[in-house]
Amino acid sequence: MASYIGSATSRVDGRAKVTGEAKYAGEFNVPGLLHGHVVGSTIAKGRVGRIDTADALRVPGVIDVLTHQHRPPMPDNDAAYKDEVAPEKGSPYRPLYDDRIVFNGQPVALVLAEDWETARFAATLVKVEQQGETHATDLHAQRDKAFAVEKPEKPRGNAAKAYAAAAVRHEAEYFIPIEHHNPMELFAATVIWDGGGKLTVYDKTQGVQNVQRYLCGVFNKKSDDVRVMSPFMGGGFGAGLRPQYEVVLATLGALTLERSVRLVLTRQQTYGLCYRPATIERLALGAKAGGTLDAITHEAIAATSQSEDFARNDTGWADLLYKCANTNLVHRLVRLDLPAAADMRAPGAATGVYALECAMDELAIALNLDPVELRLRCYSDRDQNEDLPYTSKKLRECYRQGAEAFGWDKRNPQPRSMRDGSELVGWGMATGIWEALQMPMAVRIVLTANGHAEVACATSDIGTGTYTIMAQVAADMLGLPLDNISIKLGDSTLPQAPVEGGSWIAASVSHAIVNTAGAVRKELLRLAKKMPGSPLAGAKLEDVVLTGGKIVSKQDASRAVPIADAMRHGKTDRIEQEKTNSFKDVGAYARNTHSAIFAEVKVDEQLGIVRVTRVVNAVAAGRILNLKTAHSQVMGSVVWGIGMALHEETLIDHNLGRVMNADIAEYHVPVNADVHDIKVIFVDEPDAIINPLGIKGLGEIGIVGVAAAIANAIHHATGKRVRDLPITLDKLQAA
Ligand code: MOS
């Protein structure tokens, strides 16, 4: 029987999605549903004064207006508001809690009405007095106030001394602005009042159990009283890892009025949730004349809110990727009057590796070395920090296959040396790296005698293809056709799962499926052996596989028992098993995914307009479960990398402390016309150590390094180095 694992299987939920059968958080309807609309602050810092709701309440159809002065009690301790992804240090934001305004656009009132239009209209009639205080939203202006995060990474050797003694040096500062997640699906929650204080909550979230526990904490509910569902999600990218205020406010409304409530945030309001923090990155690289690194200093200064210390690993990649005896890595934070920063696809790496890989390009030029050659001279086969081998690392193959597919050997290293009519042509490259993380989770399989299996776990599918890869793995492990597998996920009552993030779900859930399917096989073998004259009488568990609807001896395929026969004979209608994944050799190996990105740009010399005409991204991420969904993940990441390089930037008016381009007309993302030829290569990377199927996950690796490859290509085309993202034509003309 054909193996589903590794094939280019189409999404099992594809039809439901394109026909509208798949329902999202804001689409669940019940009779009597109320609709909310949020009134936001218009200052960045200060206090809420008098709130006049009289006019709003007079509008027919308006039921109530909740404010911090008019709401049921909420807990007054941080612990109640901590979720599993909250930063260790700090106080999580409490929606509609008190009169303090801590960011512009913060919810100060929630209008609840019979329909959405009424709620939205009435919200314009709510008068909110606000007393402003001096705010700060500009990272550059506040950089001197940066403080180091609690556990700075350990230095190796003496980077300052080695840098001073280096034959060739490069030092520069790079900048990544605030970027906002813009999933197509708006943030929304529909809270169904089930009576007796029980709630069914449909929320746009990457983690139903995280939201479930959080709501129980914030509203002092028993676990059985709150069920959180998120069967489908129209993109998350990290914005849905933590519970956002839409679910708190919708729940507050439902509990206050004892009615079902839906709250859908506007696109503008999603710019008041969270963001990738603006980050200043300083790199100082010192090399020996032969092109090996001897000194790496990487300092990052990132934005965070006043109350939470959100920090991700920006600076810990250089010393992992490249051999170097002397390293100094420092991460600092600046408190600004903004919402808390958050994870966004490859948090830390997308920004830190952008700076690192541009700096490596600049060092290669200073050394008069090909940029690929420099990376090969510094190549590290072991994790140097912990002196560990990798479970697998095929980055050399990424460089080789990527360069070959791109035609890198035809590159003239001289900037401005390549042309196509009126356009300058540039070729640049970069390395990408991400973690191959795995998290504890459980899977339940119910196999019925008709040869159908239901595979269930509480993970989300944020659009990555989790339904599909779960079905593929289960079909192979149970020896059943794909159509006989149904997947249940996105429901907090299902077996435990972490938030879907960190690229860890594919590896974690497939491992749990392998273990659970193993338990099902054990039960089936037990039944098969009890049959009179069983051809599997003496067989051991490890000697049989499930394939083609049968339990089959590995040694002799003619010794087989149909699953249906074994179950019928054992008078068993259903076999139910639930197992977790299991971890071996934790701490004995480093676990990472890698990539090499090659980009071609064409730059109009007069106008400075940049087109990214070709990108090759060669990825080594263990065994690929599904060539189609994996390709989509990496292709989407590359598109985002183009946006990061050329378009994306949240602009804050620092006088008002307010986002000025809070919609996708003004916040630029790549459109079809910006996206040309993208080639994704999966380098063969067998991994017998990381987990039973050799899966590493690739939700995030695809974006890492892309912006650097494009920035390096722009330099190669024009001879101009723009280190501040995005590389817009004004910056290019000025450089
Ligand atoms: Mo991802 S930024 O862990 O959703």
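When a ligand or atom number is given, it counts from 1 through the structure's own listing order. Since this is a predicted model, take the numbers as computed values, not measurements. When reading the values below, keep in mind they use all heavy atoms of this one structure, side chains included, and skip hydrogens, waters and symmetry mates.
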Please examine the side chains of L215 and D203, heavy atoms only from C-beta on, and report whether any two atoms are closer than 4.5 Å. no
Under a 4.0 Å N-O cut-off, is there an ion pair linking E685 with K394? no
Going by the angle between their ring planes, with limits at 30° and 60°, are Y24 and F232 parallel, tilted or perpendicular? tilted
For the residue pair V499 and W504, establish whether any side-chain heavy-atom pair is separated by less than 4.5 Å. yes
My understanding is that only residues two or more places apart in sequence, or in another chain, count here; which of them pass side chain to side chain contact (heavy atoms under 4.5 Å, CB included) with Q206? M233, L241, I462
Charged N to carboxylate O under 4.0 angstrom, D491 versus R227? yes
Every residue of the protein that comes under 4.0 Å of ligand 1, judged on heavy atoms: Q206, F237, G238, L241, D343, M344, R345, P347, G501, G502, E700
